[in-house]
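Accompanying notes for the structure given below.
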Amino acid sequence: MSVTFRSLSIAVVLSAGPGGASLAQQALQTGGAATLFQNVRIFDGKSATLSASSNVLVRGNKIESISLQPIAVDSPAEIRIVEGGGRTLMPGLIDNHWHAMLIRVTPAQSLGDVGYVNLVAGDEATHTLMRGFTSVRDVGGPVFGLKSAIDEGIIKGPRIYPSGAVITVTSGHGDFRQLTDLPRTIGGMLTRMEQTGGAMVADSPDEVRVRVREQLMQGASQVKLTAGGGVSSPFSPIDVTTFTEPEIRAAVEAAENWGTYVAAHAFTAAAIRGAIAAGVKCIEYGFLMDDATAKLMAEKGVWLSMQPLPEDLRLGFPVGSIQRAKADEVWPGIARSYELARKYKIKTAWGTDVLFSAALARQQGAILASLARWYTPAEALTMATSTNAELLALSGKRNPYPGKLGVVEQGALADLLLVDGNPLDNIGLLADPANNFKIIMKDGIIYKDTLAR
């Protein structure tokens, strides 16, 4: 299904709100063109402490000014004035390992009716935003239509940095075909997995180039491929290194020609080293890396996108299944990898990797808070704001949202949360966004406001 048709399908169903106005128009009507936050203490996305009582003026979609002194406005009646009452103003949260199309559906549903999958994903996107996540890096799935619908104001949701289809090899992680789909004929008919845009199989450098360029053509901000085995794929052992170096290099070359980068799924030291040798800029997971590989990542300036996967996710795989056995193999490496990341000061991003579970998605903030096992609250919050924003910006001119994210500073894009309490003292506040996030703003528009009563 083409990107245009997907966008049109969502637009026809969801564009009209009460009175025929789009959700974006309604948000603009209630949020206004400018917002003044008064008497707030700021977590700027980088500091280990909150500011003194401050005032922040948002005009349009950017932060216009920040001052310890009162900010005078010309037309107070046209500005939403928020009396912060000493609450914390902080950047919107960023999840750098998200699969927007695969959160609530089952694996079977994800390969079924495309219209249903889009509608479910659209509703979940609204819930994602209401949890305070104003940006996500989507690392695999047919998300281009959903992104367009959000950007056009048809539905509410976070900014999406899309990868499009995961690029995999035959029997690699991301290859969810059945054995009845074999043998594969290169240039032959696509399987349902490929038709929906969830994953594309590529078994040579030339095929890789085509599949990567197809994702870039559709609007990918970065490219995702699988350099080693994975947990959820039925025919992909953890220890296997999948793509050859020339194949990965073909993906890197195609992405770099477009001014962006490749992120590679890799658990083992061998898979990570092969990806780095081919020029990959970001490793997803890395749970089974060794000391020498961690040191190499730091020396090369390669990003590590880590996920503190909750135990409930591992237990969700049936006992006795291949997936459960692989999860049991991988999970013990999570703590070790965080320790290595800290030891060598690897550039570390944060994400959740929630799949096929609405219940786990509701724990998105709690998963972030679980970083307290390895990091201070300030370090964890910095990772989920300004550090994650640095990784988003690695997409260069393919960045769909040019501007500064993840910080509260003059000229930055106005993605902001007003938190009832101090998350630098109690990061657990993020686990209950319904009660603790009083205002959620994205791109200067207020989407949640419990103080305007």
Side-chain angles (χ1 to χ4, degrees), residues 17-45 47 50-94 126 129-135 150-159 385-386 389 401-423 433-453:
S22 73
L23 289 170
Q25 289 168 336
Q26 294 171 51
L28 284 168
Q29 290 162 7
T30 57
T35 303
L36 175 60
F37 294 93
Q38 296 181 333
N39 185 22
V40 294
R41 300 188 67 195
I42 299 169
F43 167 62
D44 62 5
S47 302
L50 299 183
S51 72
S53 179
S54 303
N55 304 288
V56 178
L57 177 62
V58 172
R59 194 180 301 277
N61 71 336
K62 292 185 178 179
I63 298 172
E64 183 174 284
S65 59
I66 302 172
S67 176
L68 295 174
Q69 304 302 319
I71 297 175
V73 291
D74 296 333
S75 304
E78 298 177 4
I79 295 179
R80 166 76 171 102
I81 297 178
V82 177
E83 295 294 342
R87 296 180 178 90
T88 302
L89 189 72
M90 62 174 286
L93 298 169
I94 301 170
T126 299
L129 180 61
M130 291 302 102
R131 291 191 290 267
F133 289 87
T134 53
S135 295
I150 292 170
D151 291 347
E152 293 165 15
I154 295 166
I155 56 174
K156 293 182 285 187
R159 303 175 189 270
T385 53
S386 63
Y401 310 103
K404 202 158 192 179
L405 290 171
V407 292
V408 180
E409 63 182 50
Q410 186 174 356
L413 293 170
D415 291 8
L416 299 168
L417 307 177
L418 187 65
V419 184
D420 196 7
N422 181 357
N435 289 314
N436 297 327
F437 294 172
K438 299 303 180 183
I439 288 180
I440 296 175
M441 171 182 282
K442 188 195 85 172
D443 211 35
I445 298 171
I446 295 176
Y447 288 94
K448 176 185 177 180
D449 186 352
T450 63
L451 301 181
R453 293 177 181 175

For the residue pair [X] and [Y], what are the closest heavy atoms and their distance?
{"X": "Y401", "Y": "D151", "value": "OH-OD1, 2.8 Å"}
{"X": "V58", "Y": "F37", "value": "CG2-CE1, 4.2 Å"}
{"X": "Y447", "Y": "L129", "value": "CG-CD2, 3.8 Å"}
{"X": "E409", "Y": "I63", "value": "O-CB, 3.5 Å"}
{"X": "I94", "Y": "G406", "value": "CD1-CA, 4.3 Å"}
{"X": "S54", "Y": "A52", "value": "OG-O, 2.7 Å"}

Legend entry - Donor-acceptor pair, side chain of T88 and main chain of G421, under 3.5 angstrom: yes
[atom1] of [X] to [atom2] of [Y]: how many Å apart, nearest 0.5 Å?
{"X": "I71", "Y": "S65", "atom1": "CD1", "atom2": "OG", "result": "3.5 Å"}
{"X": "M90", "Y": "D415", "atom1": "CE", "atom2": "CG", "result": "11.5 Å"}
{"X": "L89", "Y": "L418", "atom1": "CG", "atom2": "CG", "result": "6.0 Å"}
{"X": "L417", "Y": "R131", "atom1": "CG", "atom2": "CZ", "result": "13.0 Å"}

Is the shortest heavy-atom distance from the side chain of [X] to the side chain of [Y] under 4.5 Å?
{"X": "P91", "Y": "L405", "value": "no"}
{"X": "L451", "Y": "E83", "value": "no"}
{"X": "L50", "Y": "I42", "value": "no"}
{"X": "K156", "Y": "I445", "value": "no"}

Inset, instruction - Would you tell me whether N55 and S67 have side-chain atoms, one donor and one acceptor, within less than 3.5 Å of each other? - result: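 Distance-only check fails for N55 and S67.
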Inset, instruction - Name all pairs fulfilling the salt bridge (charged side-chain N to carboxylate O under 4.0 Å, His left out) condition that reach into residues 61-71, sequence neighbours left out, sorted by first residue then second. - result: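 As it turns out, the salt bridge (charged side-chain N to carboxylate O under 4.0 Å, His left out) pairs with a partner in residues 61-71, which skip direct neighbours, are R59-E64.
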Legend entry - Set of salt bridge (Lys or Arg N to Asp or Glu O under 4.0 Å) partners for R87, sequence neighbours left out: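 In terms of salt bridge (Lys or Arg N to Asp or Glu O under 4.0 Å), with neighbours along the sequence ignored, R87 is linked to D420.
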Quick one: side chains of residues 433-443, donor-acceptor pairs under 3.5 Å with protein atoms, not counting sequence neighbours, listed by atom name and distance.
{"from": "N435", "atom 1": "ND2", "to": "D432", "atom 2": "OD1", "distance (Å)": "3.4"}
{"from": "N435", "atom 1": "ND2", "to": "D432", "atom 2": "OD2", "distance (Å)": "2.9"}
{"from": "N436", "atom 1": "ND2", "to": "L429", "atom 2": "O", "distance (Å)": "2.9"}
{"from": "N436", "atom 1": "ND2", "to": "D432", "atom 2": "O", "distance (Å)": "3.3"}
{"from": "K438", "atom 1": "NZ", "to": "N435", "atom 2": "O", "distance (Å)": "3.0"}
{"from": "K442", "atom 1": "NZ", "to": "G157", "atom 2": "O", "distance (Å)": "2.7"}
{"from": "D443", "atom 1": "OD1", "to": "N61", "atom 2": "ND2", "distance (Å)": "3.1"}
{"from": "D443", "atom 1": "OD1", "to": "R159", "atom 2": "NH2", "distance (Å)": "2.9"}

Inset, instruction - Could you check V56, V40, D44 and say which one makes a side chain to side chain contact (heavy atoms under 4.5 Å, CB included) with I66? - result: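 Of the listed residues V56, V40, D44, the side chain to side chain contact (heavy atoms under 4.5 Å, CB included) partner of I66 is V56.
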